[in-house]
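Sequence lines set the chain letters: A, B, ... in the order given, protein chains first and strands last, and positions in each chain run from 1. Source: prediction; values computed, not measured.
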Amino acid sequence: MLTVTAVLHSTDIGGLEVALSEAAGPEKDFFENDFTVIDIGHLSEDAVIDWKQLLALFRSCRLNPVLVRNAPQHMQEQILSNGLALDEIAAQPRIPPQPAAEVPQEPQPAPAPVQAPPVEVPAAPAVFVDTPVRSGQQVYAKNADLIITAVVNPGAEVIADGSIHVYAPLKGRAAAGASGNTQARIFTMSMEAELVSIAGVYSTNEAFAATVEKGLPTQIRLDGNKIRIKPVNGAM
Amino acid sequence: MARIIVITSGKGGVGKTTSSGSFASGLALRGHKTAVIDFDVGLRNLDLIMGCERRVVYDLVNVIHGEATLNQALIKDKNCENLFVLPASQTRDKDALTEEGVEQVLQGLIEMGFEYIVCDSPAGIEKGALMALTFADEAIVVTNPEISSVRDSDRILGIIQAKSKRAKEGGEPVKEHLLVTRYSPKRAEDGEMLPYQDVQEILRIPLLGVIPESDDVLTASNQGVPVIHMQDSDVSEAYKDVISRFLGKETPLRFTTYEKPGFFKRLLGGK
């Protein structure tokens, strides 16, 4: 799952709303309840933030704020009372309070308060497998993605807490998000799986064979509590 | 440097023992001093294929238990100067095999100057099969062109990668070869049988050869002569090609395409 960082340059809710909708584009579900870090290090020390409104705005854009970074001392209690955590590691020097006259009144169109979502989670090293995974063999990538460059044969099982990539035919069983990550996905160059599962929700070959074309590059993800199996093509 | 080659498959009845007999004989015919060991303790068959069943005195388990020496147990083949057979015990079961014992036997054969030691594995993935593959340098995986055989071969390949001594100690892995047996080009063309290309596509190991389905195999085993010795037989020719490829000579595949019988052949009732 991605983690999004929102760096606030203004406390104006209206301006933020415009910026967020610009960042998300026309797609309604651009964000997928991604964990969001709110960085307020660029605001002046005496800025006043309406946390209730701010959180409601983020949630309406399918962002899930969990953490506030660079919060000044006096705001911390307020932040915690709103159910957010504090990032205590990042303690950058504060920008001194700006003169009131310079605080822009109008929503700024140019510098978008929300930057392109950088990945914030310290990336767990992926597990690589370069030899065929054969019948009866099992590969488990604990707390990591699993990247396989060879065939996964019938009767083989590949499991990851993260996502699974198979750059060859997937003919065995694949279980991504094995410890409950519903955002994990499975990718394969050729979909011939016996069974696919994400966060414990599974679909067997018999169930999907009629609707899924065999042998295509395919992405498998969890949508609510349904497994979605779609061919991957350049347009996606 | 001696090479230990296991002939294995997972599934039973695919032609491991037939292939072991002909492969070992083929190596010996090319002048290499070769031993072939039957690891199918309790279900001994190799002695029948090799036609030496009436000369068995001691067996593999006797040697492992120190009841006989290797020299006493090895049976000289009647067809090849350079070939010796080490039969399995019929009265024991696979638990009579121990890793240390098997290693000692193999070490003894290497010290006797054998160039190739062919291990005829029993079916299954239990102790007998494990003992046969543990010390292998190379593995010939015998597969029939049908899905259950292919899956079992896939399974045994995984076990070789996990349980062989080479795999456990790291370093160069066991060299794997695919041998497709009982192949009928016509049935493959008609879609009744997996084409050998599909078998290889699933298993993804180098193809050592394709042996055609033939009545000659049954005829040969009933006579107690490895089929490679048969004259004018496609199976014999195919096994000879396998030996050439194994010894590093590039040899094109034969007997893998179906040719419709011509008018005269049909008229004269050719096979």
Side-chain angles (χ1 to χ4, degrees), chain A residues 127-142 146-160 164-175 178 186-197 204-210 212-218, chain B residues 6 8-12 14 121 123-127 129-130 133 136 139-164 166-168 170-178 180 191 194-195 197-207:
Chain A
V127 173
F128 291 94
V129 175
D130 295 320
T131 52
V133 186
R134 300 191 179 279
S135 183
Q137 289 183 323
Q138 197 182 56
V139 180
Y140 173 40
K142 192 174 163 61
L146 179 56
I147 299 174
I148 302 169
T149 58
V151 66
V152 176
N153 269 343
E157 239 174 57
V158 292
I159 305 164
I164 297 174
H165 306 244
V166 182
Y167 295 103
L170 169 59
K171 300 177 181 182
R173 303 152 75 97
I186 301 168
F187 303 86
T188 175
M189 297 296 278
S190 177
M191 176 63 181
E192 296 161 51
E194 293 174 325
L195 177 147
V196 289
S197 155
T204 60
N205 186 287
E206 195 175 68
F208 61 68
V212 173
E213 197 176 337
K214 199 179 154 187
L216 293 181
T218 300
Chain B
V6 62
T8 188
S9 69
K11 193 173 183 298
V14 296
S121 170
I125 53 173
E126 286 81 26
K127 185 146 190 195
L130 287 183
L133 66 79
I140 296 177
V141 178
V142 182
T143 308
N144 287 169
E146 48 100 13
I147 49 168
S148 60
S149 173
V150 173
R151 176 174 292 188
D152 290 358
S153 294
D154 197 41
R155 182 87 172 95
I156 205 81
L157 279 165
I159 290 171
I160 292 168
Q161 283 162 11
K163 302 261 173 86
S164 64
R166 276 174 178 262
K168 282 182 180 166
E172 202 173 317
V174 175
K175 192 172 175 190
E176 297 153 344
H177 307 272
L178 173 62
V180 178
L194 282 176
Q197 296 95 332
D198 287 13
V199 176
Q200 198 190 3
E201 205 264 330
I202 297 169
L203 297 178
R204 303 198 175 211
I205 57 174
L207 184 65

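- Arg155(B) and Gly136(A) get closest at one heavy-atom pair: NH1-CA, 3.6 Å.
- Atom CD of Gln161(B) and atom CZ of Arg134(A) lie 5.0 Å apart (nearest 0.5 Å).
- A donor-acceptor pair under 3.5 Å links the side-chain atoms of Asp154(B) to the main chain of Ser135(A), judged by distance alone.
- Enclosure of atom NZ in Lys175(B) is not indicated, since only 12 or fewer non-hydrogen atoms of other residues, nucleotides or ligands lie within 6.0 angstrom.
- Atom CZ of Arg173(A) is surrounded by 12 or fewer heavy atoms from other residues, nucleotides or ligands within 6.0 Å.
- The main-chain N or O of Thr131(A) is never found under 3.5 Å from a side-chain atom of Arg204(B) such that the two would form a donor-acceptor pair.
- The shortest side-chain heavy-atom distance between Ile202(B) and Lys171(A) falls under the 4.5 Å cut-off.
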